[in-house]
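So that the names make sense, note that chain A is the first sequence line, chain B the second, and so on, each numbered from 1.
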Amino acid sequence: MSARRKPRVIAPPPPPGSPPPAPVLPLDDPRLAFITNKWSRTVVQPLLVSVLVTALLSSLLVLTEIITRSNVWLPYSGFLFFVTLESCYTTLWLQQPERRLLNHTSYRAAEVLLLALLLRLFSWSVIGNWPHLAELPEILARPHLFLLDGPFIFSGIVSLFAWERSVSLARTFTQLAIDQAEVYYYSQPNSLRSASDKPVRTNRGEIVLSFFRQWIGGALLLAVITSMSNYDVVEIYQGSSLAGARLGLRTELVLFLLLYFLAGFALLSQARLAAMNARWLINGVTRAGRVEQSWHRYTLLLLGGIALVAAFLPIGSTIAIGRILQMIVWVLSTAASIIMTLLSTLLAWIISLFTGDAPPPTQEPLVQPTLPPLPTVTPTLVPPALPPPAVDSGLIVSSLFWAVAIVVSIMAISFFLRERGVKLNTAVFPSIWHRFRTWLHTAWRGAGHQVRDWRQAVRARLQREPEETSANQPPWRFIRLNSLSPREQIRYFYLSTVKRAGDKGVPRQEAETPLEFAQDLKQSWPDAEEDVEALTEAFLEARYGRSPIEAEDVSPVKKRRQQVKSSLRRK
Amino acid sequence: MGNFSALILILLLLAFFLRVDFIFYVIYVSAGVYAWGRWLMPRAVKNLHSARQYARNSFWGEDVPVTIQLTNQGRLPLPWVQVQESVAVQLKHGEPLHQVVSLARGQTAEFHYKVIARRRGYYQLGPLRLTTGDLFGIHPELVAFLPADYLTVYPHLTPLTQLGLPSRLPFGTIASHQRLFEDPARPMGIRDFRSGDSMRQINWKASAHRSTSGHTRQLMVKTFQPAISLETAVLLNLHSADYQFGNRGDVTEWAIEVAASLAAHLVNQRQSVGLITNGIDPLASGQHGFDETTGRLLRPSHSVIQADPGAFMPPAIPPRNGRPHLTKILERLARIEAEETIAFTGWAVNACLHLNWGVTILAITANGSEAVCQSLHRLVRAGFNPILITVEPDGNFGLVRERARRLGFAAYNVAHTRDLDPWRRPVGQGVIT
């Protein structure tokens, strides 16, 4: 039978020497409902923050694409989303009471370093300029050329900004959420509350206002970016008119704009709910029914409904007031430019009164074109041979850089992962070592067989050479097959077959390969076609293959040779 | 958050100036959210109807359950409504009503809480403060109120069983030992005829039956239960200067409790009771306020009362019988306060001029001084039946009683609850004399 779980209670640990604690709240206490529910806190809010920040900065990437006229920037929005999501969750993780003793600055530094490394890899994969092995000396000598390039630096800056924004917003929502100490304190009767337990009051209204201002600022930035991206900025810079440089709004920007505003509204609603929850808790308000669920539901319905209605409303220039306002803007800007022109003219005239008439413009004298001087051939001086530098200081610096970078990266990654509970399973190492040893042993044995074959071959060659040089070639029948290695036996079978075929009128030409000669054999002895192929294949394996040949591999080849031999004999 | 309107304006300018049509969509969404909070939320609040249901009057020590109904009669939902009811400290009982609720269209929410009647008085319940707002905090919160209602807590009533007070009015419903007041409507039995008996009292049927049965030719007459009618006026002296300074508050409260207990007992005995008092009723002036802390009805300042004491003195309640009349008397006694108005000796005789002849006047005052007794003697001479009830402790009350006896009225000293014990005994066990 499984033991029944005791209900968990929420209370800060009592300080030493304090009186016995008052009864604490069980988890089903209605006052705990004021804590923002876990689903909102851990899923909805981080997602909304990530969408908000990613939408804002991705619009910047789109603008960059328009300016640079390349399409490599938008994929970085995926990485931005990852960065924002990761930083949100890391912030939430660091805010947990268990992480009080963790050095947050170091951990954040390790996180940034890890993200930088990931961005470097992501940038290579997006741009497609992975470093090649041939560039290794250059990479080692000049790491900055290898690590730092334009896309990486720009995306790094944008990612850093995204990281900072998402960390800030995640902290904002953490501050807005009610913590357990507040619940513990404010849920007790006034007579039982201890002044020492009183939590620090957080001005949540000011925090919501601050978030609202940040969101408005981002919205204005986004609107400006959207407006700029509607035109070819480069052409405008080069002097084209606005009408001529109009590009039209890109679909991605429409999506980012929509996401930014909807996510912003949703986050604003969440922030407001958190602030209201805190207020209700502190004022001792009881929540009746499902206020929080209704709050989320009405937010979704309201935003969805307004967005739907807005989709059917006339857009911009199609409505008359748009033209009227545009005309008013044009009139105002024209009037302003006329006034500025008049003022500048007046100013110039007043200045001319004090400085006298301006001198007439001097005409520049015409310069006659002259021929460039002919190059004269001068003997190039051969520089004296310099002694090779004793120590390359650049190499030392780059080596030091790589060493430090690698060590720091490994430390940062291990620190980041270790604190998050990712630990290396050391039990895997013996298993890997055992496999490695087995592989090594097998390879060593294979190499031993190979060496032995080579040794036997060399020895046979050495034994044969003096005989060839000193006397005629001995007959084949005098070779002791059992003294040969399996490989040599197979070669013998093939070569004896070749010799016998030559005797029968089908000699092997010097330039013929075994496979070409096999064709000749098959044409002459069609009934032995299969055996010839098998014999030739076995020979090629024995002659050129590196895999070891065992004694039992010989007998099938021997049978094939007998078959071929009998066929040759029949002709 | 005025930044929001600025955002919409800037977006509008950007959209028009740079002719980015999609920004209009964003403007519509933003303006929609803004308009919802700016114009539609106040309308939704206007369609919020609330009502408070409770018993308007309460006896001392009772729990009074209060129900508040909050209905959203509009077509728009209200994501959150914070409901806060103001309850006087002296009425608080349990958790105060301070809740937040979400109301869909047409939905009704009910809130329940209790108050306890700890002290007599006229209290304010509420007002109910309703706070709501938009979902984004773009606009200030909206506040609405359900006006306050009032609760009357009657004085503490001590149940009495028999008073044994003398009366000069015959044909009542209270049994009496004085044969003078035999009530022909209350036949009690028959007896033999005696000389001097009225012929109208002969029970002819009983006499005939007795003669036919051969017993005797003696006539039988009907006997009647003597009864009195105790039409009473409670003359409550709340002129504060007539009471000793030290415990004036407690004694005047006790005097009010005694008056209420006597009135309740007499009404239960189906007697007519009236109330005449020289205290002040803060509601009588038409301008009144409530103490924010206690929630009790505030009395006007001393100087205001002294300027025209008569304006604050409530009119006399003439003797009537029945429960509604008792309620009227108790409501008056719930609100009445002691104040320096008119001294008893100068007020009592004039206050009783409108009463019928023979009415019993229960004069409840601080003590039985010579002047007080002389005032009551004048009432005796005017044909009334005054009874002096003093509420301050008096060690020499025997002298007062003797003085009263000589002047023709009865006197009682009821300074403590135990002094009411003789009037609380079961019927038939005797009363105080």
Side chain, backbone, both or neither: which part of [X] has an atom under 4.5 Å from a heavy atom of chain B?
| X | answer |
| --- | --- |
| A:Ala275 | neither |
| A:Tyr298 | both |
| A:Phe265 | both |
| A:Leu303 | side chain |

If you round to the nearest 0.5 Å, how far is CG of A:Leu169 from CG of A:Leu267?
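If I round to the nearest 0.5 Å, the distance is 7.5 Å.
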Between B:Arg56 and B:Tyr54, does any side-chain donor sit less than 3.5 Å from a side-chain acceptor?
yes
Between chain B and each of A:Ala311, A:Ala271, A:Ala219, count heavy-atom pairs under 4.5 Å; write down the option with the most.
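Most heavy-atom pairs within the cutoff with chain B belong to A:Ala311.
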Most heavy-atom pairs under 4.5 angstrom with chain A, which of B:Pro96, B:Ser102, B:Ala31?
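That would be B:Ser102.
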Hey, would you say the B:His156 and B:Phe59 ring centroids sit under 6.0 Å apart?
no
With a 4.5 angstrom heavy-atom cut-off, could you sort out which part of [X] is near chain A: side chain, backbone, both or neither?
| X | result |
| --- | --- |
| B:Val33 | both |
| B:Leu78 | backbone |
| B:Gln82 | side chain |
| B:Leu103 | backbone |
| B:Ala109 | neither |

So, are B:Glu85 and B:Arg52 salt-bridged, with charged N and O less than 4.0 Å apart?
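Counted as a salt bridge, because a side-chain N and a carboxylate O are separated by less than 4.0 Å.
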Which atom pair, heavy atoms only, marks the closest approach of B:Ala55 to B:Val64?
O-CG1, 4.0 Å
